[in-house]
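Notes to accompany the following structure.
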Amino acid sequence: MAGAWGVQRATGASGWIDTIWSFAVGSGGILAAAFCDGMPERRWSAAIVVALWALRLAGHIGARTRGNGEDPRYAKLIEEWGKDAGRRLFLFLQIQAVAAFVLVLAVYIAAMRAAAFPRLVDLIAMSVAILALIGEAVSDAQLGRYRKTPQAKTEICEIGLWRYSRHPNYFFEWLFWCSWPVMAIYSSGWSWLSLLAPLMMYWLLVHVSGIPPLEEHMLRSRGEKFRALQGRVNAFFPGPRKSLTSDQGHLP
């Protein structure tokens with residue numbers, strides 16, 4: 001993350017921070033799974049799944065970052081920090097490094113389990129992880145297509161999965177990390193540490209660096225239109241729309 005800080009300072013594009021972070025978590029997870037003492041089938045299955053996660057997320061963020069400058073969430077922080085932005089951003093990214101360690105730890109605990117593979121809980125865990133990867137990819141693709149339409153300049157995305165959650169990509173990101181405790185937890189007390197991954201991701205996405213700064217940005221740029229969306233669409237967990245009266249005028 002010190003390297004990510006240097007890239008942001010050199011390019012002025014903070015999207016590279018999350019790109020590098022994704023690769024760092026993926027690389028750490030692959031190494032943790034490859035060199036732990038678990039069953040080979042379990043270790044390599046864990047390594048492949050976390051590699052797919054890292055490649056998809058880092059590739060998506062990297063493609064979005066090229067030519068687009070600062071991420072609005074980071075841009076606001078840097079503006080607020082003023083002349084002290086360089087130092088405070090560096091410290092902020094070290095917190096992200098700690099978060100990365102928590103995620104890698106969950107992969108490590110799941111991969112090192114000595115039980116035969118695959119068992120029913122392993123199949124459930126892998127299915128949840130793959131479903132989450134697909135859901136996040138679909139969410140990002142739907143938003144990407146919407147941003148290319150004329151409506152995107154003044155309206156808000158309410159197509160596909162975005163009709164049922166204001167942040168379906170965040171929901172599926174969290175769901176991915178829920179899969180690792182399913183695979184990891186058994187009688188050992190240490191295995192329960194894997195729960196830190198989904199708990200931390202929920203806290204970060206819902207209360208800290210995910211939804212709050214992004215929705216603050218959307219309120220500034222879309223105003224009452226976004227406030228109305230907040231009233232009819234769940235923030236995180238997908239669910240039924242709370243009102244159909246405002247559906248007209250949006251893409252189906």
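Atom CZ of residue Phe236 and atom NE2 of residue His207 lie 9.5 Å apart, to the nearest 0.5 angstrom. In this structure, Glu158 CD and Gln142 CD are separated by 12.5 Å, a value rounded to the nearest 0.5 Å. One finds the CG atom of Leu199 at 11.0 Å from the CG atom of Leu204 (value rounded to the nearest 0.5 Å). Atom-to-atom distance recorded for Phe226:CZ and Met218:CE is 5.5 Å, nearest 0.5 angstrom. Put simply, CG on Leu219 and CD on Glu216 are 8.0 Å apart, with the number rounded to the nearest 0.5 Å.
Between Val121 and Val182 the shortest heavy-atom distance is O-CG1, 3.6 Å. Here the shortest heavy-atom pairing between Ala46 and Val107 reads CB-CG1, 4.4 Å. Looking at every heavy atom in both residues, Val208 comes nearest to Pro213 through O-CD, 3.2 Å. Here the shortest heavy-atom pairing between Met1 and Ala97 reads CG-CB, 3.7 Å. Taking each heavy atom of Tyr170 and Arg73 in turn, the nearest pair found is OH-NH1, 3.6 Å. Residue Ala110 comes nearest to Trp180 through the heavy atom pair CB-CE3, 3.7 Å, listed as atom of the first residue, atom of the second, then distance.
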side-chain contact (heavy atoms from CB on, under 4.5 Å) between Ile124 and Met183: does it pass, once the steps are laid out?
CA-CA 8 Å; Ile124 293 172; Met183 187 175 173; over 6 Å; no
Take Leu205 and His167, measure what side-chain contact (heavy atoms from CB on, under 4.5 Å) needs, and give me the verdict at the end.
CA-CA 10 Å; Leu205 291 172; His167 305 278; over 6 Å; no
Go through Leu103 and Met201 one step at a time and tell me if the side-chain contact (heavy atoms from CB on, under 4.5 Å) criterion holds.
CA-CA 9 Å; Leu103 300 181; Met201 286 302 290; 3.8 Å; yes
If you apply the rule salt bridge (Lys or Arg N to Asp or Glu O under 4.0 Å), what do you find for Arg64 with Asp18, and how did you get there?
CA-CA 11 Å; Arg64 187 183 65 193; Asp18 291 341; 5.3 Å; no
Decide side-chain contact (heavy atoms from CB on, under 4.5 Å) for Leu77 and Glu80; before the verdict, give the C-alpha distance in whole Å, the side-chain angles of both, and the deciding distance to 0.1 Å.
CA-CA 5 Å; Leu77 287 174; Glu80 291 175 350; 4.2 Å; yes
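In this structure, the side chains of Leu93 and Gln8 stay at 4.5 Å or more apart for every pair of heavy atoms. By the 4.5 Å heavy-atom criterion applied to side chains, Glu173 and Leu57 are counted as neighbours. In this structure, the side chains of Arg56 and Glu136 come closer than 4.5 Å at one or more pairs of heavy atoms. Side-chain atoms of Thr65 and Thr11, non-hydrogen and from C-beta on, never get closer than 4.5 Å to each other. When side chains are defined from C-beta on, Leu196 does not count as touching Met200, because their heavy atoms never get closer than 4.5 Å. Two residues are said to be in side-chain contact when any heavy atoms from C-beta on lie closer than 4.5 Å; Leu133 and Ile130 meet this criterion. In this structure, the side chains of Asn234 and Lys242 come closer than 4.5 Å at one or more pairs of heavy atoms. Under the 4.5 Å side-chain criterion, counting only non-hydrogen atoms from C-beta, Lys225 is not in contact with Leu229.
When hydrophobic clusters are built by joining Ile, Leu, Val, Met, Phe, Trp and Tyr residues whose side-chain heavy atoms come closer than 4.5 Å, directly or via intermediates, Leu193 is grouped together with Tyr202. Under the 4.5 Å side-chain heavy-atom criterion for Ile, Leu, Val, Met, Phe, Trp and Tyr, Val102 and Leu31 are members of distinct hydrophobic clusters. Met112 and Tyr186 fall into different hydrophobic clusters, where Ile, Leu, Val, Met, Phe, Trp and Tyr are joined by side-chain heavy atoms under 4.5 Å apart, directly or via other members. Both Phe172 and Val206 belong to a single network of hydrophobic side chains, linked directly or stepwise wherever heavy atoms of I, L, V, M, F, W or Y lie under 4.5 Å apart. Under the 4.5 Å side-chain contact rule for hydrophobic residues, Trp203 and Leu175 share a cluster.
With Trp162 contributing its side chain and Pro168 its backbone, the two residues share no donor-acceptor pair below 3.5 Å. Between the Arg166 side chain and the Val233 main chain, a donor and an acceptor come within less than 3.5 Å of each other. Remark: side-chain polar atoms of Gln96 are not paired, donor with acceptor, to backbone N or O of Trp21 under 3.5 angstrom. With hydrogens and angles disregarded, no donor-acceptor distance shorter than 3.5 Å links the side chain of Arg43 to the backbone of Asp37. A donor-acceptor pair is defined here as one N or O able to donate and one able to accept, closer than 3.5 Å; no such pair exists between the side chain of Ser179 and the backbone of Val128. Under the 3.5 Å distance criterion, the side-chain polar atoms of Ser27 are left unmatched by any main-chain donor or acceptor of Ala24. No donor-acceptor pair closer than 3.5 Å links the side chain of Trp192 to the backbone N or O of Ile185. Put simply, the side chain of Ser165 never gets that close to the backbone of Phe237: no donor and acceptor are under 3.5 Å apart.
Ala54 meets the side-chain contact (heavy atoms from CB on, under 4.5 Å) test with no other residue; sequence neighbours excluded. Residues satisfying the side-chain contact (heavy atoms from CB on, under 4.5 Å) criterion with Ala115, sequence neighbours excluded, are Arg42, Arg113, Arg119. Applying the side-chain contact (heavy atoms from CB on, under 4.5 Å) criterion to Ser127, with sequence neighbours excluded, gives no partner residue.
In this pair, Trp174 and Phe171 present their aromatic rings tilted. The plane angle is within the 30 to 60° band.
In this structure, Trp16 has its ring center at least 6.0 angstrom away from the ring center of Tyr74.
Looking at Lys76 and Glu79, no side-chain N of the basic residue comes within less than 4.0 Å of a carboxylate O on the acidic one, giving no salt bridge.
No more than 12 heavy atoms of other residues, nucleotides or ligands sit less than 6.0 Å from atom CZ of Phe35. In Asp84, the CG atom is crowded: over 12 heavy atoms of neighbouring residues, nucleotides or ligands sit closer than 6.0 Å. The neighbour count for Tyr108 OH, taken as heavy atoms of other residues, nucleotides or ligands under 6.0 Å away, does not exceed 12. More than 12 heavy atoms of other residues, nucleotides or ligands sit less than 6.0 Å from atom CH2 of Trp81.
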